[in-house]
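See below for the structure under consideration.
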Amino acid sequence: MPSEFDLIHRYFTHAVTHTDLGVGDDAALFRPRPGMQLAVSTDMLVAGTHFFADTDPTDLGWKTLAVNVSDLAAMGAEPRWALLAVSLPKPDEGWIAGFARGFLDCAHRFGVDLIGGDTTRGPLNLAVTIFGEVPAGQAVTRAGAKAGDDLWVSGQPGRAALGLASLRGRLELTPAGRLECIAALQRPQPRVALGLQLRDVASAMLDVSDGLLGDLAHLLERSGVGAVIEETALPIAPLLACGAGTGAARTALLSGGDDYELLFAAPASARAKAQAIAGSLDLAVTRIGTLTDRAGQLLIRDPCGKLNAQDPLGYDHFKPHAP
Ligand code: ADP
Ligand code: MG
């Protein structure tokens, strides 16, 4: 059986490109470029809570890093370095090889050096700390949105939740829709290029990990504004085309987690610019509403023009839920 050190050497050591000292010593050494501020975030994935223990290890490796990359994208920061702490029930080398392949694929895709970590025996648990760079003072926080700003979302929120429901046998999708939604769940594509280009466009931004309305509530709270969402503006047609019924599609779009799209506010004067940026990245962005001066109030205007108060339906890990 390979030792812990063999495993680390074989699978978690790669050629770093912008690091002074990577895996193998007591600590790694790296330097942010001059004028850059470090953006740091950490996220943990726990078997049974965030993924099924039998998830394909390569997909899981990708997603473990991708969800962390997404947090930096949401700040307008460039992901650069990561630490990986894994707790594994047994040293199954095939599993580790697959996991490392997915993780390093994602690292290469987004220019991240894996510079260290920790490997221990225990229940399956994956924790990443990621470091990124942003020109000092230019990060986009959740707090800068103003009443009157537009509210935008990137890509297609809702697909991951439909993919999960389909995997659990709770929902039937078209064959192509099923593939698309499961891919969104298992191989999320963090919107790094969009986040970087929105630095001087967005007044506030976050990534949608727990559901659009629930995450929007965080932005409203931090910015001290309210929002009116236009039901007719929501990008629901592509979810219907995947085979979801209207109710499931709407719920997935508004409260499904795990899509890692960017939700951002921007002044109305920046509409053309936001569309041009997204167009240049071959990515859709949709203007779904407007921010108001009613702090914390979330309203949805239905197709008849009636305003309905909305509870944010975000996923809350501390609320009881079906596993
Ligand atoms: P120490 O006992 O000195 O903390 P470790 O045995 O924990 O050293 O780790 C040895 C080296 O391997 C360190 O550079 C550490 O950062 C790295 N490392 C351990 N586990 C991982 C992992 N899962 N991914 C990447 N690097 C790792
Ligand atoms: Mg250690």
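Start at 1 and go down the list; that is how both ligands and their atoms are numbered. Note that the structure is a prediction, hence the values are computed from the model and not measured.
- Contact atoms of ligand 1 toward Asp25: 13 (C), 14 (O) (distance under 4.0 Å to a heavy atom of the residue).
- For ligand 1 and Thr119, the ligand atoms under 4.0 Å from any heavy atom of the residue are 19 (C), 20 (N), 21 (C), 22 (C), 23 (N).
- Of all atoms in ligand 1, listed by their number and element, those nearer than 4.0 Å to a heavy atom of Glu4 are 6 (O).
- A salt bridge is absent between Asp113 and Arg80: the closest approach of a Lys/Arg side-chain nitrogen to an acidic carboxylate oxygen does not fall below 4.0 angstrom.
- Checked against a 3.5 angstrom limit, the closest N/O atoms of Phe5 and ligand 1 fall outside it.
- Against a heavy-atom cut-off of under 4.0 Å, Asp26 is close to the following atoms of ligand 1: 3 (O).
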For salt bridge (Lys or Arg N to Asp or Glu O under 4.0 Å), just list the numbers for Glu231 and Arg250, CA-CA rounded to whole Å, side-chain angles, deciding distance to a tenth of an Å, and then say yes or no.
CA-CA 9 Å; Glu231 179 96 43; Arg250 186 179 184 279; 2.8 Å; yes
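- Looking only at atom types and distance, the side chain of Thr119 has no donor-acceptor partner in the side chain of Glu4 under 3.5 Å away.
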Please assess Phe30 against Phe131 for the test ring-ring contact (aromatic ring centres under 6.0 Å, His included), listing each intermediate value before the final yes or no.
CA-CA 10 Å; Phe30 68 84; Phe131 301 83; 5.3 Å; yes
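- Proximity of Ile8 to ligand 1, defined as any heavy-atom pair under 4.0 Å, is confined to the side chain (atoms from C-beta onward).
- Looking at Gly22, Gly24, Gly116, it is Gly24 that brings a heavy atom closest to atom 14 (O) of ligand 1.
- Selection from Val23, Leu83, Leu88 by nearest heavy atom to atom 17 (C) of ligand 1 gives Val23.
- The residue from Leu162, Val153, Leu213, Leu212 that alone fulfils the side-chain contact (heavy atoms from CB on, under 4.5 Å) condition with Leu253 is Leu212.
- Atoms of ligand 1 found under 4.0 Å from any heavy atom of Asp118 (numbered from 1 in listed order, with element): 7 (O), 19 (C), 20 (N), 21 (C), 23 (N).
- Between Val285 and Ala278, the shortest heavy-atom contact is CG2-CB, 3.5 Å.
- A side-chain N or O of Thr19 and one of Trp81 form a donor-acceptor pair less than 3.5 Å apart.
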